[in-house]
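The structure under discussion appears below in the form of structure tokens.
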Protein chains: 2
Amino acid sequence: MARYDVKQEVTDKYSLRGRVFHKIREDILSGKYKEYEELKEVAIGEELGVSRTPVREAFRQLELEGLLQIVPNKGAYVTGITSKDVQDIYMIRSLLEGLCARWATENITREQLDELEENVYLADFHAAKGHMEQLAELDNRFHQILYEACHSKQLERLLVDYHEYVLRVRKKTLAGRRGQVSNEEHRQIMEAIKAKDKDKAEMLANQHIINAYDNMVKNGLHDM
Amino acid sequence: MARYDVKQEVTDKYSLRGRVFHKIREDILSGKYKEYEELKEVAIGEELGVSRTPVREAFRQLELEGLLQIVPNKGAYVTGITSKDVQDIYMIRSLLEGLCARWATENITREQLDELEENVYLADFHAAKGHMEQLAELDNRFHQILYEACHSKQLERLLVDYHEYVLRVRKKTLAGRRGQVSNEEHRQIMEAIKAKDKDKAEMLANQHIINAYDNMVKNGLHDM
DNA sequence: ATAAGTATAATTGTATACAATCATACGATT
DNA sequence: AATCGTATGATTGTATACAATTATACTTAT
């Protein structure tokens, strides 16, 4: 009847258990396995140096995440994502990121706010220098801080999932001018949270995701 | 490279594959397995007449759904849901049901609208007669129609998951006066959709979930 | 030549066997 | 008596074996 801490989950990601799961997940999101491609249990197993058992368990989880589609007695197929799916996900994310920003305004700690501020200033620097990799890293971290700061395990789980999910289609979105504009939006969100303006923070976070989507569509990245 | 239809997923739920998964899920949601209870693979397997393999696969899926927490080499424990978790989920659902109603307004078919209207009138009848079981059934169906009518696989998947999820805490919410009030809200949502008033439909659906939550808290059902 | 039917191969579904890890109890040592 | 160490049992992690299903190729009949 022991009450194990949820933090266990986080470490699991990088420990032995779930290694297979995350590797396959990564390979789907990175585009190594194409849409509608059939994944064979033995083939994947050999590639990862394991038997079918852990692969099957990973397949079942990936199906639940919507990344795989398993047809009984036939096979596992990489789920096809249509441009409408992407649009829907961004609209859903827009609402949830807004709620996250609202809750973060209420619950953010001094340390988290400091890191948020530092993040924005650092991103300014790297945007000016054209360091796209660091910019992408900082963008990820900015949202991650908010996910933690909203102080809701439920919302955090959803948003982390979606955030990883959209990496599949978002890869090069921060390149070009969007990087600087995006960080300017980050700054405004940060300022609103700092000023404890919940409504403004929510509205800005809403719009931030919509803008990211619009930019992605403009660059023609939505039809993968 | 065959393109299997998503409808396969639906039938799977009730076919052989996933039987174990749904049974265990049901037993957790129904409260048969208590919070923090440890589930043993062999014990569950014997109870369902299967070996450990399908049970393990189900465990992995249930962990991803947040219903189980698996600690490596130790065991699977039923996830404890705090009252804050419940509150968060209802807030999240409120936003998503609102979005669903908005999209349903844009995409609902004639047949779906008819069924929605019929649903409301039928529920009126059963509410007056005090038929609580039928009322609960109609409530489920009302939301289900909206999930289908919003015409978004992504949003539907989320909302169906949450809807089943909250059954764990919602069981007796429709009893008492809430049944009639709830159906009056259904009627307003339906009318707004019929009038193609997206904003109103969204707002009403938002409030509908908030009201359900407030009622649940008032009745003291949130601390399970 | 085409189509149906059958046999063979490949793949998934499930059960079982073995390995690794963890919990518990007992005993030895201080 | 308390504590550490070891041994034993229980449980999970993984691999493999077998069963069931599906896909493919070949044969045969029209």
Side-chain angles (χ1 to χ4, degrees), chain A residues 1-9 11-25 27-28 33-34 36-64 67-79, chain B residues 1-9 11-25 27-28 33-34 36-64 67-79:
Chain A
M1 264 278 213
R3 190 158 175 163
Y4 293 99
D5 199 320
V6 181
K7 282 178 184 170
Q8 188 77 34
E9 272 181 30
T11 56
D12 283 357
K13 268 196 174 180
Y14 309 101
S15 77
L16 276 169
R17 200 180 71 76
R19 206 193 83 231
V20 176
F21 169 70
H22 283 93
K23 181 67 174 79
I24 300 174
R25 190 175 197 265
D27 287 342
I28 294 176
Y33 303 128
K34 302 282 181 290
Y36 307 113
E37 181 175 346
E38 181 173 1
L39 301 188
K40 308 272 173 63
E41 294 174 358
V42 280
I44 305 287
E46 281 174 6
E47 192 174 326
L48 302 180
V50 294
S51 78
R52 286 174 54 208
T53 309
V55 174
R56 279 182 64 84
E57 291 175 1
F59 277 15
R60 291 295 189 276
Q61 293 180 297
L62 290 165
E63 183 190 30
L64 219 67
L67 260 52
L68 280 184
Q69 197 162 343
I70 298 177
V71 180
N73 291 313
K74 283 202 182 144
Y77 305 86
V78 178
T79 302
Chain B
M1 266 279 216
R3 191 159 176 164
Y4 293 100
D5 200 321
V6 182
K7 280 176 185 172
Q8 186 78 34
E9 272 182 29
T11 56
D12 283 357
K13 269 196 173 180
Y14 309 102
S15 78
L16 276 171
R17 201 180 72 76
R19 209 193 79 231
V20 176
F21 170 70
H22 283 91
K23 181 70 174 75
I24 301 175
R25 190 174 196 267
D27 286 342
I28 294 176
Y33 303 129
K34 302 282 181 289
Y36 307 112
E37 183 175 343
E38 182 173 359
L39 301 187
K40 307 271 173 65
E41 294 173 358
V42 281
I44 305 287
E46 281 174 7
E47 193 174 326
L48 303 180
V50 294
S51 77
R52 286 174 55 209
T53 309
V55 175
R56 280 182 63 84
E57 290 176 0
F59 277 15
R60 292 294 188 277
Q61 293 180 297
L62 291 165
E63 183 190 30
L64 219 67
L67 260 51
L68 279 184
Q69 197 162 344
I70 298 178
V71 180
N73 290 313
K74 281 198 183 149
Y77 305 86
V78 178
T79 302

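Residue numbering restarts at 1 for every chain, and letters A, B, ... go by the order of the sequence lines. Everything quoted here is computed from the prediction, not taken from an experiment.
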>> Under 4.0 Å, counting only non-hydrogen atoms across every strand here, what does B:V42 touch: a base, just sugar-phosphate, or nothing?
In response: nothing

>> Could you tell me if the side chain of B:L68 sits less than 4.5 Å from the side chain of B:Y77, heavy atoms only?
In response: no

>> Distance check needed: C:dT14 C1' versus B:E41 CD, whole Å only.
In response: 14 Å

> Quick one: does B:I24's side chain get under 4.5 Å of B:L62's, heavy atoms only?
Replying inline: yes

>> Using whole Å, what does the distance between atom P of nucleotide C:dA15 and atom CD of B:E46 come to?
In response: 12 Å

>> Does D:dG13 have OP1 or OP2 under 4.0 Å away from a side-chain N or O of B:R56?
In response: yes

> D:dT22 phosphate, OP1 or OP2: any side-chain N/O from A:K74 under 4.0 angstrom?
Replying inline: no

> If you pin B:L39 and B:T53 to their nearest nucleotides in DNA chain D, which one's is more 5'?
Replying inline: B:L39

> Taking atom P of D:dT12 as reference, at what distance in whole Å does atom CG of B:N73 sit?
Replying inline: 10 Å

> Would a 4.5 Å heavy-atom cut-off, applied to side chains only, mark A:Y36 and A:T79 as touching?
Replying inline: no

>> Between B:F59 and B:V20, is there a side-chain heavy-atom distance shorter than 4.5 Å?
In response: no

> Separation of A:Y77 atom OH from D:dT22 atom P, in whole Å?
Replying inline: 11 Å

> In terms of side-chain heavy atoms of A:R52, which of C:dA15, D:dA17, C:dA17 is nearest?
Replying inline: D:dA17

>> Any side-chain to backbone donor/acceptor pair from B:E37 onto B:K34? Under 3.5 Å, distance only.
In response: yes

>> Distance check needed: D:dT12 C1' versus B:Q69 CD, whole Å only.
In response: 17 Å

>> Output the rounded distance in Å from CD1 (A:I70) to C1' (D:dT21).
In response: 16 Å

> Can a side chain N or O of B:R60 be found less than 4.0 Å away from OP1 or OP2 on D:dG13?
Replying inline: yes

>> Rounded to whole Å, please give me the gap between CD in A:E57 and P in C:dT14.
In response: 13 Å

> Tell me: CG of A:L48 to P of D:dG13, nearest whole Å?
Replying inline: 18 Å

